[in-house]
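None of these values were measured; they are calculated from a predicted model. To find a chain, count down the sequence lines: A is the first, B the second, and so on, and within it residues start at 1.
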Amino acid sequence: MNYWLFKSEPGEFSIDDLASRPRKTEHWDGVRNYQARNFMRDKMRKHDLGFFYHSSCAEPAIVGIVRVTKEAYPDHTAFDPGDKHFDDKSDPTSPRWFMVDVQLVQKLDVPITLQTLKSFNNRALRDFALLKRGNRLSIMPVTKSQWDFILGL
DNA sequence: GCCAACGTTGGC
DNA sequence: GCCAACGTTGGC
C-alpha cells in the first residue's frame with residue numbers, strides 16, 4: 001500500500017467535482033510531467049490512498065482522501081487536438097501520458113491548509129515533498145508516517 | 001500581477 | 001552534451 005498526493009486547481013477540477021461524478025469516480029487526466037507520470041504509471045497501485053490537494057487558490061489545502069480504483073492506462077486527452085492537454089507527440093500506438101482512476105473516499109470536514117502543514121515543516125513534515133522548495137509536482141509520494149501524522153491533525 | 005523555481009526546447 | 005531562452009507552476 002502506497003500513499004500519494006494528487007494536486008488540482010479547484011477552478012479546473014475540485015473535490016466537489018469529484019464528489020458529483022458517478023460512483024464519485026473520475027480519471028485523473030492531464031498529468032504532463034515525466035516524474036509525476038512515472039509515479040502514476042510505475043508505482044501507483046489499485047487500492048493506494050491519496051490526499052486531494054487544492055492548489056493555486058485562495059486557501060491551498062488538503063481537502064479530502066481518494067482511493068486508486070484503476071491503475072495507469074493511456075491518457076486519451078493527449079490524443080485530442082481540441083483538448084487543453086493535447087500533445088502531438090503522444091498517440092494511441094505509443095502513448096506518452098497516462099492516468100489512473102480515483103474514487104472519493106472522504107471529503108474532510110475541515111481542510112488541512114498549507115499554512116498548517118508548513119507549521120510542521122521542521123518537525124514531523126521535514127521531508128514532506130509538498131513543502132520542499134520549488135516542488136511543483138502534481139503527483140507526489142507521501143510516506144506512511146507523513147500520512148498518519150497529517151490525518152491526525 | 002509578481003516572481004522564484006523549475007522543466008522543456010532547440011541551436012550549436 | 002551544454003546552456004540560453006522560454007513556458008509553466010503556484011504561493012503570495
How would you list, by chain and number, every residue that makes a side chain to side chain donor-acceptor pair (under 3.5 Å) with [X], sequence neighbours excluded?
| X | answer |
| --- | --- |
| A:Arg45 | none |
| A:Asn33 | none |
| A:Arg37 | none |
| A:Ser145 | A:Thr143 |

Check your understanding: Using a cut-off of 4.0 Å on non-hydrogen atoms, how would the nucleic acid contact of A:Lys89 be classed: base, sugar-phosphate, or nothing?
Key -> sugar-phosphate

Check your understanding: How does protein contact run along nucleotides 5-12 of chain C, one letter per nucleotide 5' to 3', with B for base contact, S for sugar-phosphate only, - for none, heavy atoms under 4.0 Å?
Key -> ---BBBSS

Practice item. Return the set of residues passing salt bridge (charged side-chain N to carboxylate O under 4.0 Å, His left out) with A:Lys107 (not counting sequence neighbours), or none when no residue passes. Key: A:Asp16

